[in-house]
Amino acid sequence: MGATADNGLKIVIVGGFGVGKTTMVRSVSEIRPLNTEETMTRAGESVDDVSEVRGKTATTVAFDFGRITLDARNVLYLFGAPGQERFWFLWDRLFSGTLGAVVLVDTRRIDDSWYAIDRLEQHGTPFIVACNDFGGSGRHSHAAVREALDLDPEVPLIDCDARSRESSKDVLITLVQHIRNSYAGQSARTAAPPREFV
Ligand SMILES: Nc1nc2c(ncn2[C@@H]2O[C@H](COP(=O)(O)OP(=O)(O)OP(=O)(O)O)[C@@H](O)[C@H]2O)c(=O)[nH]1
Ligand SMILES: [Mg+2]
């Protein structure tokens with residue numbers, strides 16, 4: 001692990017309650033991730049919609065933090081956002097200095113991830129959307145997800161399984177490619193992209 005990396009690149013994973021953000025950070029981090037999870041209580045049942053996440057016993061109350069070494073000079077820092085609405089005020093801080101974001105979607109509850117997209121668009125942060133596979137009958141076509149979230153055609157939309165390291169890596173690679181394409185498009189119009197993406 002490069003302890004003396006020059007560049008820390010920050011990526012955040014956002015989305016609604018229980019869509020698999022903590023799971024994804026755990027799957028890809030090379031260090032044991034910092035998780036700020038707390039046990040869910042009966043009192044929370046009236047506030048959080050737990051109907052589709054029956055097996056869930058813990059929820060993120062601040063953020064998840066993981067790390068991936070890219071090479072000797074570049075390190076990727078992964079932040080998983082808290083999903084419950086009462087912690088959303090933390091998001092805007094979490095987005096500062098962020099290179100890009102993954103919006104995780106549970107297709108049984110597509111609308112839950114809409115707020116994340118709205119905030120990212122406000123911040124001008126590049127993002128991709130990844131549908132986390134929870135199986136069952138709740139699967140929607142990509143066209144339906146695009147329409148429900150009112151996604152711009154250039155925003156990549158892919159399927160993933162947040163429990164799988166390979167699948168989660170593919171999500172991050174898709175995001176980095178999208179960021180690179182965004183900067184390439186911008187630089188054609190204005191300035192040069194950041195050094196690490198050339
Ligand atoms: N079937 C299936 N279950 C998953 C997948 N990803 C996560 N889970 C399960 O879904 C539940 C919620 O996952 P979390 O990673 O805690 O979700 P989160 O988005 O961090 O939740 P909050 O922080 O509370 O918003 C856990 O019980 C996971 O084991 C997946 O890809 N498929
Ligand atoms: Mg979490």
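As the structure lists them, so they are numbered: ligands from 1, and atoms in each ligand from 1.
The atoms of ligand 1 that sit less than 4.0 Å from any heavy atom of Ala162 are 6 (N), 31 (O). Interface atoms of ligand 1 facing Asp161, defined by a heavy-atom separation under 4.0 Å, are 30 (C), 31 (O). Taking every heavy atom of Asp133 and a limit of under 4.0 angstrom, the matching atoms of ligand 1 come to 1 (N), 2 (C), 30 (C), 31 (O), 32 (N). Per-residue contacts place Phe17 under 4.0 angstrom from the following atoms of ligand 1 (heavy atoms of the residue considered): 24 (O), 25 (O). Interface atoms of ligand 1 facing Thr22, defined by a heavy-atom separation under 4.0 Å, are 15 (O), 18 (P), 20 (O).
A distance-only check finds a donor-acceptor pair linking the side chain of Ser29 to the backbone of Arg67 [under 3.5 Å]. Arg146 places a side-chain N or O within donor-acceptor distance of the main-chain N or O of Val155, the cut-off being under 3.5 Å. Between the side chain of Ser27 and the backbone N or O of Ala162 there is at least one donor-acceptor pair closer than 3.5 Å. Side-chain N or O atoms of Trp114 include none that pairs as donor or acceptor with a backbone N or O of Gly16 at under 3.5 Å. A donor-acceptor distance shorter than 3.5 angstrom exists from the side chain of Arg165 to the backbone of Val28, with no hydrogens or angles considered. A donor-acceptor pair under 3.5 Å is absent between the side-chain atoms of Asp152 and the main chain of Glu154, judged by distance alone. Lys169 places no side-chain N or O within 3.5 Å of a backbone atom of Ser164 that could act as its donor or acceptor partner.
When only interatomic distances are considered, the shortest N/O to N/O separation between Gly18 and ligand 1 falls below 3.5 Å. Here's the thing with Gly20: one of its N/O atoms is less than 3.5 angstrom from an N/O atom of ligand 1. Where the criterion is an N or O separation shorter than 3.5 Å, residue side chain and backbone included, Thr59 meets it with respect to ligand 1. Residue Val19 has at least one N or O atom closer than 3.5 Å to an N or O atom of ligand 1.
Around the Mg ion (ligand 2), the protein N, O or S atoms closer than 2.8 Å are Thr22 OG1, Thr60 OG1, listed by chain and residue number.
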- prompt: Should Lys10 and Leu99 be marked as a side-chain contact (heavy atoms from CB on, under 4.5 Å) after you check the CA-CA gap, both sets of side-chain angles, and the distance that decides it?
  reply: CA-CA 6 Å; Lys10 177 177 166 187; Leu99 212 56; 5.7 Å; no

Would Val105 and Val129 count as a side-chain contact (heavy atoms from CB on, under 4.5 Å) if you check the C-alpha gap in whole Å, the side-chain angles of each, and the deciding distance to 0.1 Å?
-> CA-CA 7 Å; Val105 172; Val129 175; 3.6 Å; yes

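Looking only at atom types and distance, the side chain of Asp64 has a donor-acceptor partner in the side chain of Thr22 under 3.5 Å away.
If you look at Asn132 next to ligand 1, the close heavy atoms, those under 4.0 Å, all belong to the side chain.
For the side-chain contact (heavy atoms from CB on, under 4.5 Å) with Cys160, the qualifying choice from Leu104, Val102, Asp133, Thr174 is Leu104, the only one to do so.
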